S.K.: 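Just passing along the structure, written as structure tokens.
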Number of protein chains: 2
Amino acid sequence: MALFISTFTNRLDRKGRVSVPASFRAALGDRAHLGVVLFRAHRHACLEGFEWSRMEEIGRRLEHFDLFSDEQDDLATAIFGESVHLHFDGEGRVMLPEDLIEYAGLGEQATFVGLGRKFQIWSPQAFAERKKAAHEQVRERRLTIPAGREGAE
Amino acid sequence: MALFISTFTNRLDRKGRVSVPASFRAALGDRAHLGVVLFRAHRHACLEGFEWSRMEEIGRRLEHFDLFSDEQDDLATAIFGESVHLHFDGEGRVMLPEDLIEYAGLGEQATFVGLGRKFQIWSPQAFAERKKAAHEQVRERRLTIPAGREGAE
DNA sequence: AACCAGACCATGATATCCCATAAATATCCA
DNA sequence: TGGATATTTATGGGATATCATGGTCTGGTT
């Protein structure tokens, strides 16, 4: 299973290129040549990315909404309509489209945050805030990892 | 199941490398090549770690949340975003990232404490304190280990 | 010509590999 | 039993590969 973990902040050069962390590329394994998919996160000013093959699964999950429902339409439009498929150059970089750079408010740097099966791209400052907020949520709402059958920990 | 027990203190060299106790590596068995996962402990100024396969398990459990749900996002940010995946070199060492060394206040030495399925890494001095406190808690509050539900696992 | 994306090459920093050593432990065998 | 020999561990250091980053060149489009 491809798991993106840790956070890395890399430089966004003036051509819009940024190195995807080597460990993220490694997580893709032999599917790295298929590239990744990026789109605007709905809830945050950041970008989200998946490995290409995960798009199919998203499609399947969307089926669980009523066909023609507003929700499905909205989500499909937001995800499929606005995603971009990016390939790595020889050095493991991708070129971020101008509008996505703007949406995430990226400047000279981009921080990649591994979230398991997906990852996010933030401006370092915005992510610092987000990190704090996430911790507070976890603490206040006492969020935990759902137990498996064997009652974890 | 990998069981980490006993405590060992090893040297942290100037490259940031430290030998993981041989018995810990042995506990990993044939999964040693997958490496371990480290992250900041929430409650103490130390690091915590477990074998890589537990991370995969967490990943699987997180899948049970709705995609793009706030809960999944918050948890993933707090857990995956802040962990690092470390591999052993030929001599059984790992390289601790600078920020983790700082968080745990490690100097020339690092003490590994086996806690069963997970282990911790402390500065020797900080652990001495912690040990005393833990003993007192156990004595004063007469803490015991709950009977297992058995069968599981 | 001006522009842009993509391929390619160059570089410094750093992580990783590989070998050497020393101490501790285990193993063997007379 | 004891004493010699091998293994395992922890540790250090130098060589090598990888990574992130910047730049250049080329071909296609406008």
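Predicted model, so just to flag it, every value in this text is computed and none were measured.
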S.K.: Distance from B/L115 atom CG to B/L3 atom CG, nearest 0.5 Å?
M.R.: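 The distance works out to 11.0 Å.
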S.K.: Rounded to whole Å, how long is the line connecting atom CG of B/D13 with atom C1' of C/dT16?
M.R.: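 My rounded result for the distance is 13 Å.
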S.K.: For the base of D/dT11, is there a side-chain donor-acceptor partner from B/K15 under 3.5 Å away?
M.R.: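 No pair found.
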S.K.: Base, sugar-phosphate, or nothing: which does B/V94 touch, judged by heavy atoms less than 4.0 Å apart?
M.R.: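 Here B/V94 touches no strand at all.
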S.K.: Expressed in angstrom and rounded to an integer, what is the separation of B/H87 atom NE2 from C/dT16 atom C1'?
M.R.: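 Atom-to-atom, B/H87 to C/dT16, this comes out as 12 Å.
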S.K.: Does B/R11 contact D/dG12 through a side-chain donor or acceptor facing the base, at a distance under 3.5 Å?
M.R.: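 Side chain to base: no pair present.
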S.K.: Nearest whole angstrom, please: distance from the C1' of D/dT11 to the CD of B/E108.
M.R.: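 It is 13 Å, rounded to the nearest whole Å.
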S.K.: Does A/L34 offer a backbone N or O that forms a donor-acceptor pair with the side chain of A/H85 under 3.5 Å?
M.R.: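 Between the backbone of A/L34 and the side chain of A/H85 there is a qualifying donor-acceptor contact (under 3.5 Å).
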S.K.: To the nearest angstrom, how far is A/E98 atom CD from C/dC3 atom P?
M.R.: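 So the CD-P distance, A/E98 to C/dC3, works out to 16 Å.
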S.K.: To the nearest Å, how far apart are A/N10 CG and C/dT14 P?
M.R.: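 Going from CG in A/N10 over to P in C/dT14 covers 14 Å.
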S.K.: What's the CZ-P distance between A/F88 and C/dC8, to the nearest Å?
M.R.: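 Between P of C/dC8 and CZ of A/F88: 18 Å.
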S.K.: Think B/R93 has a side-chain N or O under 4.0 angstrom from the OP1 or OP2 of C/dA15?
M.R.: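 For C/dA15, neither OP1 nor OP2 has a side-chain N or O of B/R93 closer than 4.0 Å.
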S.K.: Of the nucleotides C/dT16, D/dT11, C/dA5, which has the atom closest to the B/M95 side chain?
M.R.: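 Nearest to the side chain of B/M95 among the choices is C/dT16.
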S.K.: Can a side chain N or O of A/R14 be found less than 4.0 Å away from OP1 or OP2 on D/dG23?
M.R.: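 Checking D/dG23 against A/R14, a side-chain N or O does come within under 4.0 Å of OP1 or OP2.
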S.K.: Could you pick out which residue, B/R17 or B/F8, lies toward the 5' side of DNA chain D when each is mapped onto its nearest nucleotide?
M.R.: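 Residue closer to the 5' terminus by nearest nucleotide: B/F8.
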S.K.: Considering every strand and a 4.0 Å limit on heavy-atom distances, what is the contact class for B/V18: base, sugar-phosphate, or nothing?
M.R.: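 If one applies the 4.0 Å heavy-atom cut-off, B/V18 turns out to touch nothing in the nucleic acid.
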S.K.: What nucleotide among C/dC9, C/dG6, D/dT11 has an atom nearest to a side-chain atom of A/E91?
M.R.: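 So the side chain of A/E91 is nearest to C/dC9.
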S.K.: Honestly, is B/R54 close enough over B/F50, meaning NZ or CZ under 6.0 Å from the six-membered ring centre and within 45° of the axis?
M.R.: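 Geometry flag: set, cation within 6.0 Å and 45°.
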S.K.: Pick from A/F24, A/W122, A/F127, A/F119: which one makes a ring-ring contact (aromatic ring centres under 6.0 Å, His included) with A/F8?
M.R.: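 Answer to the ring-ring contact (aromatic ring centres under 6.0 Å, His included) test with A/F8 among A/F24, A/W122, A/F127, A/F119: A/F24.
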S.K.: Identify whether any heavy atom of A/D89 sits under 4.0 Å from a base atom; if not, whether one sits that close to sugar-phosphate; answer base, sugar-phosphate or nothing.
M.R.: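 The answer is nothing, as A/D89 stays clear of every strand by at least 4.0 Å.
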S.K.: With distance as the sole criterion, is a donor-acceptor pair present between the side chains of B/E129 and B/H44 under 3.5 Å?
M.R.: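 No donor-acceptor contact under 3.5 Å links the two side chains.
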